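Here is the structure we will look at.
Everything numeric in this text was worked out from a predicted model, so none of it was measured.
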Amino acid sequence: MLEIYNTLTRSKQELIPITPGKIGIYVCGMTVYDYCHLGHARVMIAFDVVVRHLRALGYEVTYVRNITDVDDKIIARAQQNTESIDSLTQQFIDAMHEDERALAVIAPDQEPRATQSMPQIISMIAKLIENNSAYIGSNGDVFYAVNQFSSYGKLSGKRIEELRAGERIDIDSAKRDPMDFVLWKSAKPDEPAWESPWGNGRPGWHIECSAMSTDCLGNHFDIHGGGMDLQFPHHENEIAQSEAATGETFVNLWMHNGFVRVDEEKMSKSLDNFFTVREVIKTVRDPEVIRFFIISSHYRSPLNYSQDNLNEADSALTRLYTALRGYPTSDKAPERQAGYTNQFNDAMNDDFNTPSALSVLFEVAREINRNQSKPDVAATLAGQLRQLGGRLGILQQNADQFLKKSIPRQTDTQTTSNTDENAVASSSVLSDDEINQCIKQRTDARNNKNWELADKIRDELMEQGIILEDISGSTTWRRG
RNA sequence: GGCUGCGUGGCAGAGGGGUUAUGCAGCGGCCUGCAAAGCCGUGGACGCCGGUUCAAAUCCGACCGCAGCCUCCA
């Protein structure tokens with residue numbers, strides 16, 4: 001039985017599909033005016049893990065993740081770059097897809113874009129105006145009337161009066177109530193605009209998600225997710241809009257992932273403490289290290305980004321790949337040890353407890369290592385380890401190739417924003433051929449019991465980050 | 001100020017009323033020419049103060065500390 005923490009009820013609850021056997025899930029995706037940072041990577045990976053597990057349980061999943069491709073920041077950035085909005089957003093959509101592939105994130109089934117969803121958005125706004133949930137303000141913008149929605153605040157635990165009392169809310173005279181939020185913004189000169197019954201303009205941020213999610217998944221669907229910071233006001237407003245427009249319950253389960261932090265602070269654009277996926281990829285031997293790092297903590301916990309923690313992830317992954325080394329990559333071995341799979345499932349069924357699931361992988365790895373003398377048993381276990389790893393999107397590479405990949409020279413990404421020169425400077429690396437030459441010389445020396453020379457060669461390789469291992473009569477190497 | 005959530009061993013990170021998390025690092029041993037890898041064994045923990053209980057790191061309350069939201073943000 002799969003239990004998921006529901007922000008709406010602040011408790012774990014069983015997932016009961018609206019349509020038996022099927023799950024519709026919508027995740028708030030990126031606003032594409034810049035490269036994805038680690039926080040975005042966390043959303044992508046967290047929900048990738050969710051979808052993988054739902055599918056492993058046999059659900060037919062429809063996974064929708066939107067792209068916000070028009071908003072104030074996009075417009076500002078395009079003007080600043082003197083390029084069109086389309087070329088700006090296309091560039092960063094492509095970059096996002098690259099990052100996604102690098103992190104082994106399976107693409108969503110649908111990726112609706114705001115600019116391509118105008119009819120749905122306009123029709124939802126029209127419905128809201130029709131039933132008095134929205135009105136046209138004195139400046140021509142269309143606003144949602146929060147006081148018309150009695151359960152406003154049910155997701156975030158906020159009450160309207162308290163919010164009104166807050167000092168931080170700007171008084172916008174066009175609104176009837178400071179809490180009201182914009183559904184349709186009239187276009188200023190030089191701004192992109194779409195025709196609507198309320199004049200040329202563009203949608204507010206919240207309405208696009210209501211329109212796209214219900215368009216793709218129906219008025220009432222199973223799971224809606226996103227980062228914690230979207231809880232209020234974004235998701236609260238989505239509920240208000242959607243339920244007022246359709247008269248139906250919007251979403252059964254709300255999932256929110258925790259932040260990536262830097263020095264115990266939220267990673268964010270405004271604090272300028274963010275690291276892009278592509279720059280962090282340059283600091284690790286393989287992007288899989290980043291993926292492992294992200295799933296090594298629970299999706300709702302804070303995750304502190306540092307090079308040390310990334311290195312730890314590398315060590316842990318190295319242990320798993322070391323256990324897999326020498327066993328075939330594609331192994332459809334039968335699962336002899338149902339116990340491990342059960343443990344793994346139990347962990348994942350408990351609100352996607354990936355750290356606990358990973359601990360099962362380490363148990364399997366130990367069992368493989370224990371059974372080195374029984375190749376059949378070990379190979380079967382290796383197949384199982386690969387299979388379970390696959391359910392988390394890890395351990396699908398050739399183990400030996402992974403272990404031979406070079407680890408970039410450690411740079412302090414905490415204080416210096418990594419430029420290309422910094423990160424790539426590592427690589428005066430020896431070629432495989434050169435390494436094998438050295439190993440051959442060392443083997444000769446060892447055969448002559450010339451330990452001094454043999455150790456000298458090994459030490460020199462070590463200085464280059466090459467670690468030798470003498471395993472059952474032959475010598476292999478890896479980078480560490 | 002209001003509302004969330006969190007404080008676990010040297011570090012990372014699960015768990016969660018009585019019984020080993022796991023990984024890295026440490027210590028002892030086995031293996032090895034010596035190493036590395038691996039295996040076996042091992043030390044070390046639940047912010048503080050009260051309460052409930054036969055029993056609390058785990059439940060309840062106060063306190064302290066941290067993060068987040070209340071403004072665009074994954």
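Salt-bridge check for A/Arg442 with A/Asp455: failed, with every basic side-chain N at 4.0 Å or more from each acidic carboxylate O. The pair A/Arg261-A/Glu264 meets the salt-bridge criterion, with a side-chain N (NZ, NE, NH1 or NH2) lying under 4.0 Å from an Asp/Glu carboxylate O.
Across the interface with RNA chain B, nearest-nucleotide mapping of A/Tyr299 and A/Asp470 shows A/Tyr299 to be the residue nearer the 5′ end. Where A/Arg10 and A/Arg478 meet RNA chain B, the nucleotide closest to each residue was compared, and A/Arg10 sits on the side nearer the 5' end.
Side-chain atoms of A/Glu312 and base atoms of B/G23 include a donor and an acceptor less than 3.5 Å apart.
As judged by a 4.0 angstrom heavy-atom cut-off over every strand, A/Arg65 is placed among residues making no nucleic acid contact. Within 4.0 Å of A/Thr354, counting heavy atoms only, lies no atom of the nucleic acid at all. Within the 4.0 angstrom heavy-atom criterion, base atoms lie near A/Asp455. Backbone-only engagement by A/Glu264 is indicated by non-hydrogen atom pairs under 4.0 Å involving sugar-phosphate atoms exclusively. Residue A/Leu358 is classed as having no contact, given no heavy-atom separation below 4.0 Å to the nucleic acid.
Spacing between atom CG of A/Asn448 and atom P of B/G33 amounts to 16 Å, rounded to whole angstrom units. Spacing between atom CG of A/Leu310 and atom P of B/C11 amounts to 20 Å, rounded to whole angstrom units. As rounded to whole Å, 11 Å separates atom P of B/A67 from atom CG of A/Leu271. Residue A/Leu155 contributes atom CG, which lies 17 Å from atom P of B/C3 at whole-angstrom precision. Going from atom CZ of A/Arg319 over to atom P of B/A36 covers 15 Å, rounded to whole Å. Spacing between atom OH of A/Tyr5 and atom C1' of B/U4 amounts to 8 Å, rounded to whole angstrom units. The separation between A/Tyr340 atom OH and B/U22 atom P is 12 Å, rounded to whole Å. In this entry the distance linking CZ of A/Phe293 with C1' of B/C24 reads 14 Å, nearest Å.
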#### Entry: Dot-bracket encoding per residue of RNA chain B, Watson-Crick/G-U cut-off under 3.5 Å, | denoting interstrand
(((((((..(((.....[...))).(((((.......)))))....(.(((..]....))).))))))))....
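Separating the C1' atom of B/U22 from that of B/G2 is a span of 39 Å, rounded to the nearest Å. Taking atom P on both nucleotides, B/U8 is separated from B/G26 by 23 Å, rounded to a whole Å. Comparing the P positions of B/A45 and B/C31 gives a spacing of 33 Å, expressed to the nearest Å. A distance of about 22 Å separates the C1' atoms of B/A55 and B/G47, rounded to the whole Å. Across the C1' atoms, B/C11 and B/A25 are found 8 Å apart, a figure rounded to whole Å. For B/C6 and B/A14, the C1' atoms lie 15 Å apart once the distance is rounded to whole Å. Between B/A56 and B/G17, the two C1' atoms lie 6 Å apart (nearest whole Å). Rounded to whole Å, the separation between the C1' atoms of B/U19 and B/C34 comes to 42 Å.
Proximity of A/Arg366 to the phosphate of B/G23: a side-chain N or O atom is located under 4.0 Å from OP1 or OP2. Within the structure, every side-chain polar atom (N or O) of A/Arg159 is placed at least 4.0 Å from both OP1 and OP2 of B/C70. Checking the phosphate oxygens (OP1, OP2) of B/A14, a side-chain nitrogen or oxygen of A/Ser301 falls inside 4.0 Å. For the pair A/Arg300 and B/G68, the criterion of a side-chain N or O lying under 4.0 Å from OP1 or OP2 is not met.
Ring geometry for A/Trp254 against A/His256 counts as parallel: the plane angle stays under 30°, on a 0 to 90° scale with 60° as the upper cut.
Screening residues 370-404 of chain A for ring pair (Phe, Tyr, Trp, His ring centres under 6.0 Å), with sequence neighbours left out, gives A/Tyr321-A/Phe402. For residues 445-454 of chain A, the salt bridge (charged side-chain N to carboxylate O under 4.0 Å, His left out) pairs, not counting sequence neighbours, are A/Arg446-A/Asp470. Here ring pair (Phe, Tyr, Trp, His ring centres under 6.0 Å) pairs that include residues 345-382 of chain A, with residues two or more places apart or in two chains, are A/His53-A/Phe352.
With sequence neighbours left out, A/Glu98 forms a side-chain hydrogen bond (donor to acceptor under 3.5 Å, both in side chains) with A/Arg278. In terms of the side-chain hydrogen bond (donor to acceptor under 3.5 Å, both in side chains) criterion, residue partners of A/Asp400 (sequence neighbours excluded) are, by chain and number, A/Lys404. The salt bridge (charged side-chain N to carboxylate O under 4.0 Å, His left out) test applied to A/Lys405 returns A/Asp286, not counting sequence neighbours. A/Glu191 meets the salt bridge (charged side-chain N to carboxylate O under 4.0 Å, His left out) test with A/Arg202; sequence neighbours excluded. By the side-chain hydrogen bond (donor to acceptor under 3.5 Å, both in side chains) test, A/Arg65 pairs with A/Glu100, A/Glu111, sequence neighbours left out. Residues forming a side-chain hydrogen bond (donor to acceptor under 3.5 Å, both in side chains) with A/Ser242 (at least two apart in sequence, or on another chain): A/Ser210.
Checking side-chain atoms of A/Thr354 against main-chain N and O of A/Ala357 turns up no donor-acceptor pair under 3.5 Å.
Side-chain proximity of A/Glu162 to the nucleotides B/C3, B/A14, B/U22 is greatest for B/C3. Here the nucleotide nearest the side chain of A/Phe362, chosen from B/A36, B/U22, B/C39, is B/U22.
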Between protein and nucleic acid, restricted to nucleotides 72-74 of chain B and to nitrogen or oxygen atoms under 3.5 Å apart, what atom pairs and distances do you find?
from  : atom 1 : to       : atom 2 : distance (Å)
B/C72 : O2'    : A/Lys73  : NZ     : 2.9
B/C72 : O2     : A/Lys73  : NZ     : 2.8
B/C73 : O2     : A/Lys266 : NZ     : 3.3
B/C73 : N3     : A/Lys266 : NZ     : 3.1
B/A74 : OP1    : A/His40  : NE2    : 3.2
B/A74 : O5'    : A/His40  : NE2    : 3.0
B/A74 : O2'    : A/Gly227 : N      : 2.3
B/A74 : N7     : A/His37  : NE2    : 3.4
B/A74 : N6     : A/Met267 : O      : 2.6
B/A74 : N1     : A/Val260 : N      : 2.9
B/A74 : N3     : A/Gly39  : O      : 3.2

Please tabulate, one pair per line, each protein N/O and nucleotide N/O from nucleotides 15-18 of chain B that are separated by under 3.5 Å, including the distance.
from  : atom 1 : to       : atom 2 : distance (Å)
B/G15 : OP1    : A/Asn353 : ND2    : 2.9

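Closest non-hydrogen pair, A/Asn304 versus A/Asp263, comes out as OD1-N, 3.4 Å.
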